[in-house]
Amino acid sequence: MSILAHRFGQAVSWSFLRAFSALHVSGAQRLPRGGPLLLLANHISHYDPPALSASSRLVINYMTDRAMLEVPYFGRVLRGLETFPVDRDQVDRAAVKTALTRLKAGRVVGVFPEGGIRDGAQSVLGGAAMPPGGPALWAMARCPAVVACIIGTDQLYVGRNFRRRPRIFVRYGEVLPPPERGADRAELGVRLAAELRTLYREIDERYQLTEDERPASAQARWASA
């Protein structure tokens with residue numbers, strides 16, 4: 001897939017979010033121009049990949065739940081943007097191999113390491129431990145990594161919010177150097193979780209988040225609509 005296709009996808013994402021939200025991006029100047037790079041972000045809604053794509057110039061190859069790639073037409077678009085599937089119900093060695101191959105080729109691989117959409121106590125932002133998959137991939141890849149915190153995209157689950165253009169925040173952390181060979185994966189997980197929580201706190205302190213802007217499930221958003 002050509003870079004042009006990725007740039008088109010970024011333009012669509014940026015135009016969508018500019019029309020229906022107030023997107024605030026910080027820390028993007030820290031990002032390298034390309035890979036190899038592992039990008040790890042929290043996951044609060046299906047609008048998170050567009051938020052990441054719109055807030056940087058990186059060409060991101062996303063690791064995405066297999067079910068998303070099986071949706072008619074939409075799945076074809078995702079595959080066209082070099083998204084690759086992961087089976088979250090088991091250790092998916094094929095997905096890990098694909099991620100490592102693309103990182104070795106100098107690409108940027110985007111991963112949502114929480115294992116799906118999370119909010120509250122089930123999320124890393126809410127105090128849950130970082131699942132082992134992301135830290136393990138980082139340890140195996142031994143490449144630079146960046147953590148990104150996304151806040152506010154879950155507000156777009158409610159149709160009326162499109163008219164009021166809710167605030168959405170994407171904050172990128174510092175580039176983390178490759179882990180040493182044999183690094184303790186549990187310690188890497190603690191480090192990534194701490195980085196994500198720090199970014200969340202920085203967003204809160206800088207923008208004074210309201211309670212309605214803090215992560216909530218789609219069900220909770222619909223119930224309060």
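The residues of the chain are indexed from 1 along the displayed sequence. Side-chain atoms are counted along with the backbone in the values below, which use heavy atoms only and exclude waters and symmetry mates.
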Any donor-acceptor N/O pair, Arg7 side chain to Arg57 backbone, under 3.5 Å: yes

Electrostatic pair Arg214-Asp119, nearest N-O below 4.0 angstrom: no

Heavy-atom side-chain contact between Arg185 and Met140 under 4.5 Å: yes

Exam field: side chain Asp154 to backbone Ser45, donor-acceptor pair closer than 3.5 Å: no

Check: Ile203 and Cys149 side chains under 4.5 Å, non-hydrogen atoms: yes

Backbone of Val124 reached by a side-chain donor or acceptor of Arg197 within 3.5 Å: yes

Test item: Asn161 side-chain N/O and Tyr157 main-chain N/O as donor-acceptor pair under 3.5 Å: no

Glu202, CD: over 12 other non-hydrogen atoms inside 6.0 angstrom: yes

Gln10 side chain vs Pro50 backbone, donor-acceptor pair below 3.5 Å: no

Side-chain heavy atoms of Leu100 within contact of Leu137, under 4.5 Å: yes

Parallel, tilted or perpendicular: rings of Phe16 and Tyr47 (30°, 60°): parallel

Same cluster (ILVMFWY, side-chain, under 4.5 Å), Ile44 and Leu196: no

Non-hydrogen side-chain atoms of Leu39 and Val111 separated by less than 4.5 Å: no

CD/Glu180: more than 12 non-hydrogen atoms of other groups inside 6.0 Å: no

Candidate pair Asp212 and Arg164, rule salt bridge (Lys or Arg N to Asp or Glu O under 4.0 Å), full reasoning: CA-CA 13 Å; Asp212 191 53; Arg164 71 176 182 85; 3.3 Å; yes

Side-chain donor/acceptor of Asn61 to backbone N/O of Val109, under 3.5 Å: no

Nearest-0.5 Å distance, CG of residue Leu156 to CZ of residue Phe162: 5.0 Å

Any donor-acceptor N/O pair, Ser15 side chain to Val12 backbone, under 3.5 Å: no

Backbone of Ile151 reached by a side-chain donor or acceptor of Glu213 within 3.5 Å: no

Hphob cluster co-occupancy, Leu37 + Ile150, side-chain heavy atoms under 4.5 angstrom: yes

Side-chain donor-acceptor contact under 3.5 Å, Arg171 with Ser26: yes

Exercise: do Ser55 and Tyr172 side chains pair donor with acceptor under 3.5 Å: yes

pair Arg191-Trp138: side-chain heavy atoms closer than 4.5 Å: yes

Any donor-acceptor pair under 3.5 Å from Arg165 side chain to Ser21 backbone: yes

Heavy-atom check, side chain of Pro85 versus side chain of Asp65, under 4.5 Å: no

Side-chain H-bond candidate by donor/acceptor type, Tyr62 with Ser53, under 3.5 Å: yes

Leu40 vs Leu38 side-chain heavy atoms within contact, under 4.5 Å: yes

Glu82 with Arg102: basic N within carboxylate O range, under 4.0 Å: no

